[in-house]
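For reference, the structure discussed in these notes is given below.
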Amino acid sequence: MNFEGKNILVVGGSSGIGLSLVKLLHRQNANVYVISRSASEEWPDDVKFLQADVTGNIDTVETFLPQQLHGLVYSVGSITLKPFNRLTIEDFLNDYQLNVLGAARIIQQAIKSLKNAGGSSIVLISSVAAKTGMPYHASIAAAKGAVEGMAITLAAELAFQQIRVNVVAPSLTDTPLAQNLLSSPEKREVSAKRHPLGKIGRPEDIGNLIAFLLSDESSWMTGQVIGLDGGLGKLKTN
C-alpha cells in the first residue's frame, strides 16, 4: 500500500490504535492529520495536529482539514465495564456521546473535503461485544452497536459520491485504554486464553486492517463490519 498524495485524518491518534495507525500511514507516505485532546511525542514532525475534544467545540475542524480528504478514521472510544444494575444513565450517555455522536459530528465537519476527493474512505471502530454477548458490556455494546448501524446507513447514503464506509470490530487490544484489564501477567494470560488464537490483539493488528480499508486495494468494499478478534466473535473451541 502506498498513500503518497493522500490526505488522511485520524481522530484520536495520540495513543493505542490511533498512534500505531499514524505511524503506519506516515511510513506509507500519507499526509497525516490528527485531531485529539493531546499531542504525542512519537508522531513524525510533519503530522498536522488540531487539539480538540470531540465531545466539545469542534467548529475549527472544517477549516483545519485540507480541501480534499481521502480518508477518515475515528479511533476514539471507551471501555465501560460494570454489572448492569450499577450502570447509570450517565454511563450510557457518555459512551454514546463519545463513540457515536463524536463520530457523527466529525464526519459532518469533514464531509465536504471527503466529497472533494472524488473517492474516499471512512473507517469507524466498533467492538466484538456489539454482536457477542458478554457480561458487564451493556453500555459500551449498546454504543458500538449504534456505531455499526450508523456506518451501514452512511455507506448506503454516501455510495453514489464514492465515499466508502466500513467498520473494524476488534476484541481486547493491548492499548492504554485496556491497561486496567491487562495490568498483571495473570490478567494477560486469562485474557489471551479467552481467544481461540490464544493471544491478545496488538494495535498494529488493527492498524494494518484500517490501512487496507483506507487504501485503493479495498475500493470495492463498503458497508462492512469486519471482526478482528482472534476468533472470539465466531469460534467456539472448548
Side-chain angles (χ1 to χ4, degrees), residues 1 3 8-25 27-28 30 71-81 95 98-100 102-103 121-134 137 140-152 154-155 164-179 181-182 187-238:
M1 291 178 289
F3 289 90
I8 309 292
L9 170 65
V10 180
V11 185
S14 60
S15 67
I17 294 168
L19 176 58
S20 175
L21 180 63
V22 167
K23 294 177 180 179
L24 172 59
L25 292 170
R27 289 196 300 270
Q28 298 293 336
L72 184 160
V73 181
Y74 190 80
S75 184
V76 178
S78 55
I79 300 179
T80 303
L81 304 181
D95 281 340
L98 188 63
N99 290 276
V100 186
S121 172
I122 297 171
V123 182
L124 305 182
I125 299 180
S126 179
S127 165
V128 64
K131 287 190 172 68
T132 303
M134 298 180 180
H137 283 69
I140 189 60
K144 293 300 192 182
V147 168
E148 293 183 9
M150 179 175 69
I152 293 171
L154 277 178
R164 301 182 293 111
V165 186
N166 293 289
V167 181
V168 176
S171 183
L172 185 65
T173 306
D174 193 357
T175 66
L177 192 63
Q179 61 184 355
L181 303 175
L182 302 171
K187 287 183 178 181
R188 295 181 71 88
E189 182 179 2
V190 169
S191 294
K193 287 181 176 178
R194 292 177 61 222
H195 299 82
L197 288 180
K199 58 183 179 180
I200 300 162
R202 305 170 303 155
E204 293 79 10
D205 295 324
I206 317 304
N208 286 333
L209 176 56
I210 293 173
F212 169 72
L213 293 172
L214 292 170
S215 73
D216 293 338
E217 280 84 348
S218 64
S219 62
W220 207 43
M221 180 180 292
T222 193
Q224 304 303 307
V225 178
I226 304 169
L228 190 59
D229 53 24
L232 182 63
K234 296 290 185 181
L235 308 179
K236 182 174 176 61
T237 56
N238 53 40

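Pairs passing the salt bridge (Lys or Arg N to Asp or Glu O under 4.0 Å) check and including a residue from residues 228-238, sequence neighbours excluded, do not occur. Residue pairs satisfying the side chain to side chain donor-acceptor pair (under 3.5 Å) criterion with at least one member in residues 11-21, sequence neighbours excluded, are absent. Within the structure, salt bridge (Lys or Arg N to Asp or Glu O under 4.0 Å) pairs that include any residue of residues 10-24 comprise Lys23-Glu42 (at least two apart or interchain).
Annotation: side-chain contact (heavy atoms from CB on, under 4.5 Å) contacts of Ala155 (sequence neighbours excluded): Val165, Thr222. For Arg188, the side chain to side chain donor-acceptor pair (under 3.5 Å) partners at least two apart in sequence or on another chain are Asp174. Considering only residues two or more places apart in sequence or on other chains, Ala130 meets the side-chain contact (heavy atoms from CB on, under 4.5 Å) condition with Ser126, Lys144, Glu148. Every residue two or more places apart in sequence or in another chain that forms a side-chain contact (heavy atoms from CB on, under 4.5 Å) with Thr175 is listed here: Ile17, Thr173, Leu177, Ala178, Pro203. In this view, Asn208 satisfies the side chain to side chain donor-acceptor pair (under 3.5 Å) rule with no residue, not counting sequence neighbours. The side-chain contact (heavy atoms from CB on, under 4.5 Å) test applied to Ala103 returns Tyr74, Leu124, Met150, not counting sequence neighbours. When the side chain to side chain donor-acceptor pair (under 3.5 Å) test is applied to Thr80, the partners found at least two apart in sequence or on another chain are Asp95. With sequence neighbours excluded, the residues that form a salt bridge (Lys or Arg N to Asp or Glu O under 4.0 Å) with Arg202 are Asp205.
The two residues Ile125 and Val147 make their nearest non-hydrogen contact at O-CG1, 4.1 Å. The two residues Ser75 and Gly18 make their nearest non-hydrogen contact at OG-N, 3.4 Å. Looking at every heavy atom in both residues, His137 comes nearest to Ala129 through CD2-CB, 3.6 Å. The two residues Leu24 and Gly207 make their nearest non-hydrogen contact at CD2-O, 3.6 Å.
Between Ile140 and Asn99 the shortest side-chain heavy-atom distance falls below 4.5 Å.
Summarising the geometry, atom CG belonging to Leu72 is positioned 4.5 Å from atom CG belonging to Leu9; distances are rounded to the nearest 0.5 Å. If you take CD1 on Ile210 and OG on Ser218, they are separated by 12.0 Å, rounding to the nearest 0.5 Å.
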Yes or no on side chain to side chain contact (heavy atoms under 4.5 Å, CB included) for Gln224 and Val167, after CA distance, side-chain angles and deciding distance? CA-CA 6 Å; Gln224 304 303 307; Val167 181; over 6 Å; no

Any chance you could lay out the side chain to side chain contact (heavy atoms under 4.5 Å, CB included) test for Ile226 and Leu213, step after step, and finish with the verdict? CA-CA 10 Å; Ile226 304 169; Leu213 293 172; 3.8 Å; yes

Start with the C-alpha distance between Gln28 and Leu214, add both sets of side-chain angles, then the distance that settles side chain to side chain contact (heavy atoms under 4.5 Å, CB included), and finish with yes or no. CA-CA 12 Å; Gln28 298 293 336; Leu214 292 170; over 6 Å; no

Run the side-chain donor-acceptor check on residues 190-200: report pairs under 3.5 Å with partners two or more places apart or on a different chain.
{"residue": "Ser191", "atom": "OG", "partner": "Lys187", "partner atom": "O", "Å": "3.0"}
{"residue": "Lys193", "atom": "NZ", "partner": "Glu189", "partner atom": "OE2", "Å": "3.0"}
{"residue": "His195", "atom": "ND1", "partner": "Ser191", "partner atom": "O", "Å": "2.8"}
{"residue": "His195", "atom": "NE2", "partner": "Ser171", "partner atom": "OG", "Å": "2.7"}

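Side-chain N or O atoms of Arg164 include one that pairs as donor or acceptor with a backbone N or O of Met221 at under 3.5 Å.
A donor and an acceptor atom, one from each side chain of Asn166 and Ser121, are nowhere located under 3.5 Å apart.
Each of Val128, Leu209, Ile206 was checked for a side chain to side chain contact (heavy atoms under 4.5 Å, CB included) with Pro170, and the lone residue meeting it is Ile206.
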